[in-house]
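The block underneath contains the structure these notes are about, expressed in structure tokens.
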Protein chains: 2
Amino acid sequence: MTQAVRHDSMRARNLGVVLHEIRRSGPITRAALAEITGLTKTTVSKMVGDLLGGGMVVESGALREGERGRPGTAVSLSGDRVAALGLEIGVDHLSACVVDLTLSVRLRRTQAVDNRSTSPVETLHHLRKLAHRAVDEARSKGLVIAGSTLAVPGPVDDGLLRAAPNLGWRDVRVGDLLDFPVTVENEANLAALGELWFGSGHDDFLHVSGEANIGAGLVVGGALFRGARGHAGELGHVIVSPGGPACHCGGRGCLEQYAGQEALLKAADVLGGIPELVERLRGGETTALRACDRAGQALGVALTSAVRLTDPGAIVLGGIFAPLFPWIGGRTRDMLTARLAGTRQAVPGLGVSRLGGAAATLGAAGQVIHRIIADPGAHLTTTRPGTA
Amino acid sequence: MTQAVRHDSMRARNLGVVLHEIRRSGPITRAALAEITGLTKTTVSKMVGDLLGGGMVVESGALREGERGRPGTAVSLSGDRVAALGLEIGVDHLSACVVDLTLSVRLRRTQAVDNRSTSPVETLHHLRKLAHRAVDEARSKGLVIAGSTLAVPGPVDDGLLRAAPNLGWRDVRVGDLLDFPVTVENEANLAALGELWFGSGHDDFLHVSGEANIGAGLVVGGALFRGARGHAGELGHVIVSPGGPACHCGGRGCLEQYAGQEALLKAADVLGGIPELVERLRGGETTALRACDRAGQALGVALTSAVRLTDPGAIVLGGIFAPLFPWIGGRTRDMLTARLAGTRQAVPGLGVSRLGGAAATLGAAGQVIHRIIADPGAHLTTTRPGTA
DNA sequence: ATGTTAAGTCCAGAAGATGGATTAAAACGG
DNA sequence: CCGTTTTAATCCATCTTCTGGACTTAACAT
């Protein structure tokens, strides 16, 4: 429900509005901030003062544009103090990254671990060590880690990883196995948010994160759409052909049976991984090309349904679909264009994510930063209790 | 963007919070309101006073539950003053309804008009007369119409009806043809909202409004999901079978080709309308039964995809699917259950709307009421300018 | 030099929420 | 049956936060 605005929450909210605007509009003077937010110069000045004190923004010198009057001193986000830790448990790797308030990636560590063969306790032991190393290194750069988020390959309910079929995990309360507070979230969702904050700059798009299974994250107006129970975006089990091959989900003809990593490699008759498939595609091998054609068509059908239902502004392909795009994208785009042409609905652009495998980890760190920017007051009071 | 909270908007917002809570928690004392909203008793008292003055709530006598102390005087929404007008242009009818603040339907008028054969100007002339009669009648009951919304059978962009294929209309600025301010909105969306406010009481569901074309409205957390451009919910053109019959949208095998009104009647070999089809189904006619089987299966396939993508809490069938439910629902439910069984995703309940054809008109009026409750301050100042 | 313009700060004041004291109305208990 | 307890609602002084105009500062124009 909409919460009541108390006096202090009004301040917190406005502080967030100001900081958000500083982020959005780059170096900007207090006067311009006042104009944009609708607050008075007085109020903005006081808030900027607090943010300066908390090390969240810096004055970046006079800003003059040949105008007549006194030049304003611009303020912008500071990347020197506040930072966030993003973590990811993948099927065959662990990774961590540290991102500062300006969303600059300050450090990144990846470690190959085959998590299919290890228990949650063991995996999380490795992750803990990785995280500690990252935090120490960030600290040596003068950064303070304000929080962390962990990306996991499966649906999450309130901190509980419900099922990660590719890890063989079920109902693991992942956060409790670490010795620092962490938010746990679905990898597909975080990859979409990674694309939002570190990617092409769209505000409305459907991000397809084809890893071992095909997930999708829908971003509308800069916010993630989660559905009623948080399980939205299961693009992999959208039905492409109702009479198609049986799927482990109980259905038949799910997208995953045509364009999932496993199905694709099998159809292409490739025993290795995606890199080998790409190799063969480059070599023009017919079986491989035909498998990608089929996958591209199936993806087009599934995305057509997705567009009808969710009306995304654009479509961004990530995960395995990024390297395969040259051999898949054409079919997919043709399918979409043909099937959406007859209505007034605009055909969303189809593109590739440039983030590669880092999308989810970046999204995880970005989520922490995003929360701080939305409510800087909380961060100011928790980190500087004696300064009020 | 999140807007800055100025001093006056804080008051407006809290007034909305209080009124919302009065609506949600029925007759409730000021003390309980203070506890729930987190505001102080003083603040709540003052606000309730203003709302009483504006005729939006009434004191409904002492509320005593055998407790020890002084009994509180409960306040609840008043249905005696503020009301809203809901309008609808259908393919073969116009309708209007008046709903008061308590969401009680105070009056309803429907008029059969074949809008396929008339121009927008002509149709809206009829609608205007219908609306005026409704407003007059409401006024004679002491009600004040605070606003109106109009449901139209097609996608709307910012007041512009983009296309209504079943009316043969295109790019009509509907609101300008009436002599009172009106919000224009897609019929499928409003039907979903009608179901939300006047229906079964769910807060998360997908409402399927099968009229001439099949639309769907997704409600999540009590709010309508519109997608990036407001065209989400086109369930009728979700692909059921990629090689199926061609559809006017440019695709093949869209749901509408199996379960749309036209396709269904044709497959059942019925020349009349849905009532005749129901008649034949009751008589056990094989062609009709088989057509419904096929439609039910197709609907199940499309809904499976929709569930995967949007994770609705429940599914509510409205429009033509309500009367046909006994012959369609079983197949649809089987399909959903079978195809969702293998994952942890809960199977959403499948039910029928009890609102019949009135859903969209009710939703239209409800939207106005909902806005007033969210921001009663605006209404109080516009209707009682001298009382501040 | 002097005027003009705009940025940023200062300060009195208004709007609105807060918290404790007070009054009001019921139930309980001897 | 009357005092005690308990809770509701209001009153009032206070506090917080934003507001709006006055003031100071810094650059450019003439």
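In the text below, chain A, chain B and the rest are named by the order of the sequence lines, each starting its count at 1.
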For a quick test of reading the model: is some side-chain N or O of A:Arg11 closer than 4.0 Å to OP1 or OP2 of D:dT16? no
Does a side-chain N-to-carboxylate-O contact under 4.0 Å join B:Arg30 and B:Glu35? no
Compare the minimum distances between each of D:dC18, C:dT4, C:dA26 and the side chain of B:Pro71, then state the nucleotide with the smallest one. C:dA26
Round to the nearest Å and state the distance from B:Leu33 atom CG to D:dA9 atom C1'. 13 Å
State the CG-CZ distance between B:Asp157 and B:Arg173, to the nearest 0.5 angstrom. 9.5 Å
Is the distance from OP1 or OP2 of D:dA8 to the nearest side-chain N or O of B:Thr73 less than 4.0 Å? no
Any side-chain N or O of B:Thr40 below 4.0 angstrom from OP1/OP2 of C:dT18? yes
Tell me the interatomic distance from B:Leu15, atom CG, to C:dA15, atom P, rounded to whole angstroms. 17 Å
Taking CG from A:Leu39 and C1' from C:dG8, how many angstroms apart are they, rounded to a whole number? 16 Å
Between A:Arg6 and A:Arg70, which is nearer to the 5' end of DNA chain C once each is assigned its nearest nucleotide? A:Arg70
Just N and O in the side chain of B:Asn14: are any of them under 4.0 Å from OP1 or OP2 of C:dA17? yes
Could you state the NE2-C1' distance from B:His7 to D:dG20, rounded to the nearest angstrom? 14 Å
Let me know, please, whether A:Met10 or B:Ala31 comes out on the 5' side of the other along DNA chain D by nearest nucleotide. B:Ala31
B:Arg13 has an atom CZ; how far is it from atom C1' of C:dG16, in whole Å? 15 Å
Looking only at the aromatic ring of each residue, does the gap between the centers of A:His370 and A:His20 stay below 6.0 angstrom? no
When you get a sec, tell me which of C:dC10, D:dA26, D:dT17 is the closest nucleotide to the side chain of A:Thr42? C:dC10
Quick one: on DNA chain C, does A:Gly69 or B:Lys41 contact a more 5' nucleotide (nearest heavy atom)? A:Gly69
Whole-Å gap separating P (D:dT7) and CZ (B:Arg30): 19 Å
Between A:Leu52 (CG) and C:dT9 (P), how many Å, whole number? 10 Å
Please answer whether the main-chain N or O of A:Gly230 pairs with a side-chain N or O of B:Asp311 as donor and acceptor at a distance below 3.5 Å. yes
Given atom CE of A:Met47 and atom P of C:dT9, what is their separation to the nearest angstrom? 14 Å
Distance, nearest 0.5 Å, that separates CG of B:Asp204 from CZ of A:Arg229: 8.0 Å
